[in-house]
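Naming convention: chains lettered A, B, ... in sequence-line order (proteins, then strands); numbering from 1 in each chain.
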Amino acid sequence: MKNVIKNIVINAAQLAFQKGLLQSDVIPDMEIEAPRHENHGDFSTNFAMISASIQKMAPRKIAEIIKSCIEDNINNCYPKDGNSGCSGIIAKIEIAGPGFINFFLAPTAWYPFIQKIHNQGKDFGRSNIGHGKKVQVEFVSANPTGPLHIGHGRGAAVGDAVGNILAFSGFDVQKEYYINDSGRQIRTLGRSVWLRLCQLVGKEIDFPEDCYQGDYIQDIAKEINDLVTKKPFDLANPESVNTAELSNTDDAETHLKMLGNLFDKTEAEAIDICAKYAADKILQGIKDDLYDFGVEFDRWFSEQSLYDSGKVQDAIKKFQARDVIYEKDGALWFKTESFGDEKDRVVVRNNGLTTYFASDIAYHTEKFDRGFDRVIDVWGADHHGYINRINAAIEASGRKREQFDVILVQLVNLLRGGQPVAMSTRSGEFVTLKEIVDEVGKDAARFIFLSRSYDSGLDFDLEVAKQQTADNPVYYVQYVHARITGIVAKACEQGVILAPEDVMVKGASNLEHLVEPEELKLIKILASFTEVVEKSALALHPHLIFTYLMLLASAFHGYYNKHKVITEHQDLTLARLCLISSVKKVIHNGLTLLGVSAPERM
RNA sequence: GCGCCCGUAGCCCAGUGGAUAAGGCAUCAGCCUCCGAAGCUGAAAAUCGCUGGUUCGAUUCCAGUCGGGCGUACCA
């Protein structure tokens, strides 16, 4: 609708120039906005104000010219009727304030949206601003050394929603999880499990501080120990093997084989086996938890695979060839400073080991090699110091900086009844994402994570999230969906319509009965959904969808409380059923983008 | 020290060049014989951290400053 208005203004400006009323035919980059106040019309443009210096004319004078040209320009704009000056789309044009041109649309301009929403259904709101461009969204990517916590949950909700919104806006999106399954933290994981295992079989060991302290390490050690000790029995009775516990591996038998003689191996080999087993186990837990949180990835990408395929070395060699890597003090340094970083960074240490940064360079190079036009990483705010160096890697590999975005998600404070919940990774005592989802539910958790901009820190209060009250916005919106379902079902029972899907059959021709201010307001909000989604996609800000859903829900509740849908007048009832069915569809589409369900009943 | 994010009503937060700064919580006063009260209506509550600058116009952009969070490895 904004584009329609914009074209009307442009046509009018051109007409004015042809008539000699305006000195210049330059069309500045005007804004068409929906004003905050209803008495400023449905749409407003600042055309006259920003044209003042170009036309060398007072803004209000320009506005007058535009207004009269729009009203004259019958062919391009709208038909006139005898009385009000205009009919069709525009009901009235006003000039206000310093030179705003305000457009008041006729109700008939809005009714087609209801038909459109019903026709498009789950596709209403979809656009093609992405033009099929290939985009990768990488998020969560937590190390498989422990379960996901609440911070990962926020990143998961944001990354998933951004991916959904981009896909809905015409981008070809792939969601990816990068598994840091290489390097020291995995060895530390293996060592942690191995030492716990040794403790289990009676060895006196001081468990080191730099090992993972969490209980889950002991659980895994116990699991391995059970497998090892039960093995002879299990071999005799293969059916008794609890393969469910081994579901994380493709080949439970291989694991048993390896585990069987674990204590016969050298400590280094045993640690490797423990590392592999534990990482697989933990990663499977992560996958399960994300699945329960409603997040599914298109691809799980292994860091180790970059080493196995030689891509880390390839990337280093390429950078050396481009002269952006040099040697100093026995180490290899990437000249990130010349790309805007504070200082140069090491990629290969003087002991010959590559740094994490080296595989990150290879990974980000590889992403573009796979054909993505654009790459988006979702990171916790505590990693912001890495943006400059990854940017450097992107540029040094010949890509443009605009092709790479980092979404920095600020940290989450977990509260219970207003009091901070103690979280210590060091001691291994923290509330996991799974526990949170189990306690408050997937929908409430996701909705709260997406309720505000990720630029701001977030207090997540478990007690509030659990409440089924207005404190908890998810129910406010879901309630609309359930409520409408109930009303439409009632209409079916009463025989007004045959089935919920049939509302438009008899209702489409009765939409002109929708004349109440609350009804027009609702339709206008519905009509703006596509623009909101586009804005959300361009800004990479999913909370715009949240804000929109709250606005729509509020408008609906207000309408519901003031007007009966099912009335004595059949035509009016049909029209209103069409309207609220549209609301239901848009609520559904919006919630779906955020990964929140739209229940029929609550 | 340097870098990033945030400072909007008692509390939480939206808005990010425009016309009277939007919601929610909490407070107060109302609304269910009536389609789902997980709802609605009304009242009260904001010098948009502070100081300059750019602009016809700044909560929005720029500079500085104060306050809070996070980060600043040949760690991952």
Please state the C1' separation for the pair B:rC75 and B:rC48 - nearest whole angstrom. 42 Å

Looking across every strand, which nucleic acid part, if any, lies under 4.0 Å from A:M602 by heavy atom: base, sugar-phosphate, or nothing? base

Rounded to whole Å, how long is the line connecting atom NE2 of A:H481 with atom C1' of B:rG39? 17 Å

Can you check side chain to side chain donor-acceptor pair (under 3.5 Å) on A:Y307 and A:T354, steps first, answer last? CA-CA 10 Å; A:Y307 287 98; A:T354 52; 2.9 Å; yes

Presence of A:Y560 side-chain N/O under 4.0 Å of B:rA37 phosphate oxygens OP1/OP2: yes

Mind checking what makes side chain to side chain contact (heavy atoms under 4.5 Å, CB included) contact with A:D455, not counting sequence neighbours? A:S453, A:H541

Using 30° and 60° as the class limits, which term best fits the ring planes of A:Y363 and A:Y178: parallel, tilted or perpendicular? parallel

Roughly how many Å apart are B:rU8 and B:rC50, using the C1' atom of each and rounding to a whole number? 14 Å

Whole-Å distance between B:rC2 P and A:I387 CD1? 20 Å

Between P of B:rU16 and NE2 of A:H543, the distance in whole Å: 8 Å

Take atom CD of A:Q570 and atom P of B:rC35, then tell me their distance rounded to the nearest Å. 19 Å

Taking atom P in both B:rU60 and B:rU16, compute the distance separating them and give it to the nearest angstrom. 13 Å

Salt bridge between A:E94 and A:K67, side-chain N to carboxylate O under 4.0 Å? no

Between A:F404 and A:H364, is the gap from one ring center to the other below 6.0 Å? yes

Ion pair present between A:D329 and A:R349, side-chain N to carboxylate O less than 4.0 angstrom? no

Is the cationic atom of A:R154 (NZ for Lys, CZ for Arg) positioned less than 6.0 Å from the six-membered ring centroid of A:Y454 and within 45 degrees of its normal? no

For A:Y475 and A:D443, what are the C-alpha separation, side-chain angles and deciding distance, and is it a side chain to side chain donor-acceptor pair (under 3.5 Å)? CA-CA 9 Å; A:Y475 301 109; A:D443 287 341; over 6 Å; no

Go nucleotide by nucleotide along RNA chain B from the 5' end; which of A:Y454 and A:T547 gets its closest nucleotide reached first? A:Y454

A:I484 CD1 - B:rG39 P separation (whole Å): 15 Å

Any donor-acceptor pair under 3.5 Å linking the side-chain atoms of A:S359 with those of A:E303? yes

Gap between atom CZ of A:F529 and atom CD of A:E531 - 0.5 Å precision: 11.5 Å

Using a heavy-atom cut-off of under 4.0 Å over every strand shown, decide if A:S182 touches base, sugar-phosphate, or nothing. sugar-phosphate

Pair A:F449 and A:F460, ring centroids less than 6.0 Å apart: yes

Where at least one partner belongs to residues 26-39 of chain A, residue pairs that pass side chain to side chain donor-acceptor pair (under 3.5 Å), sequence neighbours excluded: none

May I ask you to decide if the ring planes of A:F546 and A:F447 are parallel, tilted or perpendicular, using 30° and 60° as cut-offs? tilted

Whole-Å distance, A:L551 CG to B:rA14 P, equals 16 Å

Touch class at under 4.0 angstrom, heavy-atom based, for A:H563 against every strand present: base

How close or far is atom P of B:rA37 from atom OH of A:Y476, stated in whole angstroms? 13 Å

Apply ring pair (Phe, Tyr, Trp, His ring centres under 6.0 Å) to residues A:F139 and A:Y177 and explain how you reach the verdict. CA-CA 6 Å; A:F139 56 106; A:Y177 185 115; 8.3 Å; no

Distance between P atoms of B:rA19 and B:rC31 (Å, rounded): 38 Å

A:K562 side chain N/O closer than 4.0 Å to the phosphate oxygens (OP1, OP2) of B:rC35? no

With pairs taken as Watson-Crick or G-U wobble and both distances under 3.5 angstrom, which stems of at least three consecutive pairs involve RNA chain B? B:1-7 with B:66-72, B:10-12 with B:23-25, B:27-31 with B:39-43, B:49-53 with B:61-65

Cut-off 3.5 Å, side chains only: do A:K343 and A:T336 have a donor facing an acceptor? no

Measure from the side-chain heavy atoms of A:H557 and tell me the nearest of B:rC5, B:rC40, B:rC35. B:rC40

Need one value for A:E600: base, sugar-phosphate or nothing, where a base atom within 4.0 Å counts as base even if backbone is also close, heavy atoms only. base

Rounded distance in Å between the P positions of B:rG24 and B:rG42: 10 Å

Touch check for A:N46, heavy atoms < 4.0 angstrom, all strands: base, sugar-phosphate only, or nothing? base

A:I50 side-chain proximity, nearest of B:rA14, B:rA37, B:rG18: B:rG18

Using the C1' atoms only, state how far B:rU55 lies from B:rC62, rounded to an integer number of Å. 12 Å

Take nucleotides 70-75 of chain B nucleotide by nucleotide from the 5' end and write B, S or -, depending on whether a protein heavy atom sits under 4.0 Å from the base, only from the sugar-phosphate, or from neither. BSS-BB

Anything under 3.5 Å between a protein N or O and an N or O of nucleotides 19-22 of chain B, put it in a table, one pair a line.
from   : atom 1 : to     : atom 2 : distance (Å)
B:rA19 : OP2    : A:R36  : NH2    : 2.9
B:rA19 : N6     : A:S44  : OG     : 2.8
B:rA19 : N6     : A:N102 : OD1    : 3.1
B:rA19 : N1     : A:N102 : OD1    : 3.2
B:rA19 : N1     : A:N102 : ND2    : 3.0
B:rU20 : O2'    : A:H37  : NE2    : 3.2
B:rU20 : O4     : A:N39  : ND2    : 2.7

In residues 487-500 of chain A, which ones come under 4.0 Å of RNA chain B, going by heavy atoms? A:I487, A:K490

I'd like the C1' distance from B:rC40 over to B:rU65, given in whole Å. 46 Å

Could you check whether A:L544 gets within reach of a base, just the sugar-phosphate, or nothing at all, counting any heavy atom under 4.0 Å? sugar-phosphate

Remember a base hit wins even if backbone is also touched, and classify A:K56 as base, sugar-phosphate or nothing at under 4.0 Å, heavy atoms. nothing

How about A:Y559 and A:E519: does a side-chain donor come under 3.5 Å of a side-chain acceptor? yes

For atom C1', what is the distance between B:rC66 and B:rA26, given to the nearest Å? 29 Å

With nearest nucleotide decided by heavy atoms, which residue, A:R601 or A:R452, maps closer to the 5′ end of RNA chain B? A:R452

salt_bridge(A:D461, A:R416) N-O dist < 4.0 Å: no

Atom-to-atom span, CG of A:L458 to P of B:rG24 - whole angstrom: 20 Å

If anything within 90° of 0 is syn and all else is anti, what is B:rC61? anti

